[in-house]
Q: 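My questions will all concern the structure given below.
Residue indices begin at 1 and follow the sequence shown.
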Amino acid sequence: GYGGPSDEVKLEEGDADGDDDENASDADSDEGDNDAEEDEVAEEAADAHVNGSSKKKKRDKRNALSASAQDTKAARRKQHEVAVLRKQHRLHVGPGAPDPIATFDEMPRHGVPEWLVQNLRGLGFAAPTPIQMQCFPAILSGSHLLASAPTGSGKTIAFLAPLLAKLGKPGKEFARAVVVDPSRELAKQTLDEFAKLTKGRKWTGRLVDKGLDG
């Protein structure tokens, strides 16, 4: 009497299990599809990142090459300008000589103090003379210098002014620089130029003469 209903219950339980299996299978399938989609999205994102990095590297490389080309072009243009300037003023220099300073406006960038530039302008110069153009940067860079130029070309200022720039400011020592001239007349001329260049400043100079009496 209870066998039938019991079988039916078991059968219904069996059907329920079957439905659960099908639902589970469907869920597994959905999860698999989602995983596959996530993998595809991840791969696409990775590809996009790689492509973006590659493009950035190429762009940076192009910018670097462009900057390098511009620097090279600017350097060549500067060399040409220096060669033209030296030819124009008949400046003959040895290997490794620094570029000449063509104007007073450039001097502060090379370490010449403003007060000294103003005193140079006050002497009536519109621009450095050719010997001054080349001597200033040579002395300021610490180079040894042997220079020759005609009388009246500004040779005294060419070595004396950058020497003052190198000293910077007056000191308390007895002597910080010694200028040796071949005659008393030239020594006096050097001291006069020193006084003009240091006008308004607390520099002092002395004329030292060994004396030739008897």
Side-chain angles (χ1 to χ4, degrees), residues 68 71-208 210:
S68 177
D71 290 343
T72 301
K73 187 176 180 180
R76 289 177 179 173
R77 183 170 59 251
K78 178 64 175 178
Q79 289 176 354
H80 175 71
E81 292 173 353
V82 167
V84 170
L85 182 66
R86 283 178 173 157
K87 183 177 181 180
Q88 177 185 353
H89 295 288
R90 300 173 64 186
L91 292 170
H92 305 285
V93 299
D99 295 343
I101 300 175
T103 68
F104 288 129
D105 291 337
E106 296 178 52
M107 287 189 173
R109 297 200 299 270
H110 292 269
V112 181
E114 289 286 353
W115 66 263
L116 183 53
V117 175
Q118 292 302 319
N119 283 348
L120 285 166
R121 293 183 190 275
L123 295 176
F125 292 101
T129 65
I131 187 70
Q132 294 166 5
M133 290 180 184
Q134 194 61 70
C135 284
F136 266 80
I139 294 174
L140 290 171
S141 67
S143 300
H144 294 285
L145 180 67
L146 178 63
S148 175
T151 299
S153 59
K155 292 189 297 294
T156 303
I157 290 177
F159 74 82
L160 196 56
L163 181 59
L164 287 169
K166 289 283 286 184
L167 294 175
K169 60 183 180 179
K172 297 181 179 180
E173 300 89 341
F174 170 74
R176 297 171 65 202
V178 177
V179 177
V180 180
D181 286 299
S183 69
R184 182 184 178 85
E185 180 183 355
L186 290 176
K188 180 65 168 62
Q189 177 184 320
T190 301
L191 186 60
D192 290 343
E193 296 298 322
F194 170 84
K196 294 174 185 177
L197 290 172
T198 58
K199 182 180 178 180
R201 316 296 293 189
K202 295 181 179 180
W203 292 84
T204 56
R206 296 285 185 271
L207 178 63
V208 179
K210 64 179 183 178

Q: Do F159 and L145 come within less than 4.5 Å of each other through their side chains, counting heavy atoms only?
A: no
Q: Might you point out which heavy atoms bring D181 and L186 nearest each other, and give the distance in Å?
A: OD2-O, 3.6 Å
Q: Which pair of heavy atoms, one from C135 and one from A158, lies closest together, and at what distance?
A: CB-O, 3.4 Å
Q: Using the ring of each side chain (for Trp, its six-membered ring), is W115 parallel, tilted or perpendicular to W203, with breaks at 30° and 60°?
A: tilted
Q: Could you pull out the closest heavy-atom pair between P128 and A102, with the gap in Å?
A: CD-O, 3.5 Å
Q: At their closest point, which heavy atom of G154 faces which heavy atom of T129, and how far apart are they?
A: CA-OG1, 4.4 Å
Q: Which residues satisfy the side-chain contact (heavy atoms from CB on, under 4.5 Å) test with S153, sequence neighbours excluded?
A: I131, A149, P150, K155
Q: Give the table of side-chain donor-acceptor pairs shorter than 3.5 Å for residues 79-91, with sequence neighbours excluded, one pair per line with atom names and distance.
A:
| residue | atom | partner | partner atom | Å |
| --- | --- | --- | --- | --- |
| R86 | NE | Q134 | OE1 | 3.2 |
| R86 | NH2 | P98 | O | 2.8 |
| R86 | NH2 | Q134 | OE1 | 3.3 |

Q: Does any pair with a residue in residues 162-174 pass side-chain hydrogen bond (donor to acceptor under 3.5 Å, both in side chains), and if so which ones, sequence neighbours excluded?
A: none
Q: For K196, give me all partners under side-chain contact (heavy atoms from CB on, under 4.5 Å), at least two apart in sequence or on another chain.
A: L123, E193
Q: Please list, chain by chain and in numerical order, all residues satisfying side-chain contact (heavy atoms from CB on, under 4.5 Å) with P162, sequence neighbours excluded.
A: F136, I139, L140
Q: Checking side-chain contact (heavy atoms from CB on, under 4.5 Å) for the pair F194/V179: CA distance, chi angles, key distance, verdict?
A: CA-CA 11 Å; F194 170 84; V179 177; over 6 Å; no
Q: Which atoms form the tightest heavy-atom contact between T198 and N119, and what is the distance?
A: C-ND2, 4.0 Å
Q: To the nearest 0.5 Å, what is the distance between OG1 on T190 and CD1 on I157?
A: 10.5 Å
Q: Rounded to the nearest 0.5 Å, how far apart are CZ of R176 and CG of L164?
A: 9.5 Å
Q: Measuring from atom CG of L207 to atom CD of Q189, what distance do you get when rounded to the nearest 0.5 angstrom?
A: 12.5 Å
Q: Measure across L191 and G205 and return the closest heavy-atom pair with its distance rounded to 0.1 Å.
A: CD1-C, 3.7 Å
Q: The criterion is side-chain contact (heavy atoms from CB on, under 4.5 Å); which residues satisfy it with E114, sequence neighbours excluded?
A: P108, Q118
Q: Within the supplied structure, the quantity of interest is the number of heavy atoms (other residues, nucleotides, ligands) at a distance under 6.0 Å from R184 CZ; does it exceed 12?
A: no
